[in-house]
Amino acid sequence: MAGGRHSSPDSGRSIGFYAVGGLVAVAVVATGVVVFKATQSDSCESVDEYSLAADPAIAPAVTEILAESSPEQTGCSRITVTSALPGDVAGTLGKGVDAPDMWIPDSTAWVGKAALTAKGPVAAAGGSIATSPVVLASGGGEQFASWLTALQVPDLALGNPLFTGVASAPILGALAETGATSESVRAALVPHAQAESVRTEDQPVGQKMLTELVSSGKVGVSTEQQVVEFTKSESKISATVPATGTMIMDYPLVVSASAPDRHYAAAKKSDAIADLLHSESAQEVLTRSGFRTSGGGAVEGGVGDVTALTVSEQSVADQTLGAWALMAKPIRTLVAIDVSASMDYPAAGGKTRMQLTTAAALAGNQVFPDSVAAGLWAFSQGMNGTQDFQELVPIRRYDTIVDGMTQRKLMADQANRLTELKRGATGLYDTTLAAFRKVQESYDPRAVNSVIILTDGANEDPDSISREQLLDVLAREQDPARPVIIVTIGITDDADAAALADISRVTGGSTYIARDPSEISEVFVNALAHRGS
């Protein structure tokens, strides 16, 4: 989880220690907030410990509320709060390891998104804690007629919709506006997604983003609450809302514990937590922090009354946000090229299949930007002792410098060596599984992770796993939260098209057959650009 988990210096002491001492403490750390409060309790025989991950915007207010609560108010529980972006929490839920017991993302939309890949149940509890309209923040108070026109600003500080609901809001707002089409919205997203795909560091969010807007003079996407809080110490920024209206962030309380027993226990505690967060004193804290609450309207220093936009067709919204994900994620791939004896067969123009395949690999190597991360394997039966494959270049970004040479140059040099490597039969299945596991082990959650297999034959290794075993293992080991797709390229009709199609299908990848060897280069470039089926 972004920011990690932290514990009190006294976390090894018993609950009884705190009960006797009647201690109240709040510790603020670099990337999270730890809250514990224990007072002499008349009705709690024991105090259970639970974790709560909260969006960075609301985490301080939740911390303050819990710091002033008694064990009875929290259902005889002690809550440890960490500050984490919604996208990072959703990723943690997909792994099912170190998942928070409860969660407050910036939008209810995250509940459905996380539930699709979570290892356990994800359920909203207690409704919205507070709300805040999404705004456009700038030093000059720029006005925009619509969210679509705002998205068309080339240097708009949008943020990453894969990690915050705030960054998704302009996209959803544009889709909700009368006259805006999904095609026009997607077109407006292209430059933002391309900029995201080559970014080496995450875009700043929250107060850090607003600070950068002051110095850069750009326009950025934020919330009324964040601007109100920011202007308490910095007056050089203002917030506006397009004339069409805006999306509203609603900060729900969610039960997110992965293990069934733990989820059930957290769900029981969440009733008390929800009641506490909706109490009059808690709502006062939230209002003071710049949020709108159920009992009030506009906040002081905010944008006043706003029209709430809603998306009428959720499927269109999902497709558009999915398009962003595919456009914005950089490519990370392991290319495995068959160097078996049949690759020496003559092909078009007096060249061999291997020579044409090498030319295709070199063409792809030149076309793609420095943000691409790629590695190179060669394979044939017994390529490396009993192993059917050999790593030529490990996966690295093209702009990585290794011993004074770029990764791009290393890839080109090793591709030129392919014709010199040992020949033999085709060791397809063992190589495919090993490559899949290699990419999975070093998975990059901010990229499209893939394996690209180029072969002109069928599996010929009698000691390898079978086709059925390979497909079964790939299906079992595929992690929906960390997907690795396999793209297969068959070179001529000699390739086992059926087996290649099955391998790609079970991992969500695509398969290509270059029946004319002269097509290999074009097919390979298309495959390298592949970002999901």
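For clarity, every value in this text was computed on a predicted model and none was experimentally measured. Atom set for the values below is all heavy atoms of this structure, side chains included, hydrogens, waters and symmetry mates excluded.
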Subject >> Sub-4.5 Å side-chain heavy-atom contact between Ile129 and Ile104 >> reply: yes
**OP:** Would you mind checking if Glu224 and Arg292 are paired as a salt bridge, meaning a charged N to carboxylate O distance below 4.0 Å?
**Re:** yes
Original post:
Any chance CD of Glu313 has more than 12 other-residue heavy atoms, nucleotides or ligands included, within less than 6.0 Å?
Top reply: no
Original post:
Counting distance only, does the side-chain N/O of Ser138 pair as donor-acceptor with the main-chain N or O of Gly141 below 3.5 Å?
Top reply: yes
Original post:
If we only count heavy atoms from C-beta on, is the Leu253 to Ser270 side-chain gap below 4.5 Å?
Top reply: yes
Subject >> Point-to-point distance, once rounded to the nearest 0.5 Å, from CG of Asp370 to OG1 of Thr400 >> reply: 9.0 Å
Original post:
Would a distance-only check, ignoring hydrogens and angles, find a side-chain to backbone donor-acceptor pair under 3.5 Å from His263 to Ser258?
Top reply: no
**OP:** Measure across Ser289 and Ala61 and return the closest heavy-atom pair with its distance rounded to 0.1 Å.
**Re:** OG-CB, 3.7 Å
Original post:
Looking at CZ of Arg482 and OG1 of Thr117, how far apart are the two atoms once the value is rounded to the nearest 0.5 Å?
Top reply: 12.0 Å
Subject >> Ion pair Arg78/Asp48, N-O distance below 4.0 Å >> reply: no
Original post:
Is the side chain of Asn449 donor-acceptor paired with the backbone N or O of Asp444 at a distance under 3.5 Å, no angle test?
Top reply: yes
**OP:** Dump the intermediate steps for side-chain contact (heavy atoms from CB on, under 4.5 Å) on Ser51 and Met102, then the final yes or no.
**Re:** CA-CA 6 Å; Ser51 58; Met102 287 170 269; over 6 Å; no
Subject >> Donor on one side chain, acceptor on other, Gln440 and Asp479, under 3.5 Å >> reply: no
Subject >> Worked verdict on Thr432 versus Val451 for side-chain contact (heavy atoms from CB on, under 4.5 Å) >> reply: CA-CA 8 Å; Thr432 298; Val451 173; 6.0 Å; no
Subject >> For the student: nearest non-hydrogen atoms of Ala114 and Trp103, plus distance >> reply: CB-CZ3, 3.9 Å
Original post:
How far apart are the closest heavy atoms of Gln207 and Glu229, and which atoms are they?
Top reply: OE1-C, 4.2 Å
Original post:
Less than 4.5 Å apart, any side-chain heavy atom of Glu142 and any of Thr240?
Top reply: no
Original post:
Does NZ or CZ of Arg332 come closer than 6.0 Å to the centre of the six-membered ring of Tyr443, within 45° of the ring's axis?
Top reply: no
Subject >> Pair Thr131-Asp250, side-chain donor/acceptor within less than 3.5 Å >> reply: no
**OP:** Would you mind reporting whether Pro100 and Val89 have side-chain heavy atoms less than 4.5 Å apart?
**Re:** yes
**OP:** Scan Lys268, Lys269, Arg262 and name whichever one has a salt bridge (Lys or Arg N to Asp or Glu O under 4.0 Å) with Asp101.
**Re:** Arg262
**OP:** Please round to the nearest 0.5 Å and tell me the distance separating atom CG of Leu158 and atom CG of Leu156.
**Re:** 5.5 Å
Subject >> Side-chain donor/acceptor of Thr246 to backbone N/O of Pro242, under 3.5 Å >> reply: no
**OP:** Report the residue from Ile486, Leu470, Val473 that forms a side-chain contact (heavy atoms from CB on, under 4.5 Å) with Phe436.
**Re:** Ile486
Original post:
Considering only heavy atoms from C-beta outward, does the side chain of Val241 approach that of Val134 to under 4.5 Å?
Top reply: no
Original post:
Which value, rounded to the nearest 0.5 Å, describes the distance between Thr108 atom OG1 and Ile248 atom CD1?
Top reply: 12.0 Å
Original post:
Between Ser450 and Thr333, does any side-chain donor sit less than 3.5 Å from a side-chain acceptor?
Top reply: yes
Original post:
Applying the side-chain contact (heavy atoms from CB on, under 4.5 Å) test to Trp147, which of Leu172, Ile171, Leu309 qualifies?
Top reply: Leu309
Subject >> Derivation and outcome, side-chain contact (heavy atoms from CB on, under 4.5 Å), residues Leu286 and Ile58 >> reply: CA-CA 8 Å; Leu286 290 163; Ile58 203 167; 4.0 Å; yes
Original post:
How far apart are the closest heavy atoms of Ile273 and Ser77, and which atoms are they?
Top reply: CD1-OG, 4.3 Å
**OP:** Please say which of Asp271, Ile65, Ile79 ends up in a side-chain contact (heavy atoms from CB on, under 4.5 Å) with Leu276.
**Re:** Ile65
**OP:** May I ask you to check whether Glu212 and Ser216 show a side-chain donor-acceptor distance below 3.5 Å?
**Re:** no
Original post:
Does any N or O in the side chain of Asp106 come within less than 3.5 Å of the main-chain N or O of Val166, such that one atom is a donor and the other an acceptor?
Top reply: yes
Original post:
Taking atom CG of Leu210 and atom OG of Ser222, what is their separation to the nearest 0.5 Å?
Top reply: 4.5 Å
Subject >> Distance, nearest 0.5 Å, that separates CD of Gln73 from SG of Cys44 >> reply: 10.5 Å
Subject >> Polar side-chain atom of Glu477 near backbone of Arg437 as donor-acceptor pair, under 3.5 Å >> reply: no
Original post:
Going through the distances and angles, do Ser281 and Glu68 end up as a side-chain contact (heavy atoms from CB on, under 4.5 Å)?
Top reply: CA-CA 10 Å; Ser281 60; Glu68 296 303 320; over 6 Å; no
Original post:
When you look at Arg186 and Glu183, which way does the salt bridge (Lys or Arg N to Asp or Glu O under 4.0 Å) test go after all the steps?
Top reply: CA-CA 5 Å; Arg186 288 193 189 198; Glu183 290 78 13; over 6 Å; no
Original post:
Between Leu175 and Val316, is any pair of side-chain heavy atoms under 4.5 Å apart?
Top reply: yes
Subject >> Nearest non-hydrogen partners of Lys113 and Leu321, listed with the distance >> reply: NZ-CD1, 4.3 Å
Original post:
Are Pro483 and Gln478 side-chain neighbours, meaning at least one heavy-atom pair lies under 4.5 Å?
Top reply: yes
Original post:
Quick one: does Arg505's side chain get under 4.5 Å of Asp502's, heavy atoms only?
Top reply: yes
Original post:
Between His192 and Ala188, which heavy-atom pair has the shortest distance, and what is it?
Top reply: CD2-O, 3.3 Å
Original post:
Under 3.5 Å, is there a donor-acceptor pair between the Ser43 and Glu72 side chains?
Top reply: yes
Subject >> Thr164 side chain vs Pro161 backbone, donor-acceptor pair below 3.5 Å >> reply: no
**OP:** Check whether more than 12 heavy atoms from other residues, nucleotides or ligands sit under 6.0 Å from atom NZ of Lys119, and answer yes or no.
**Re:** yes
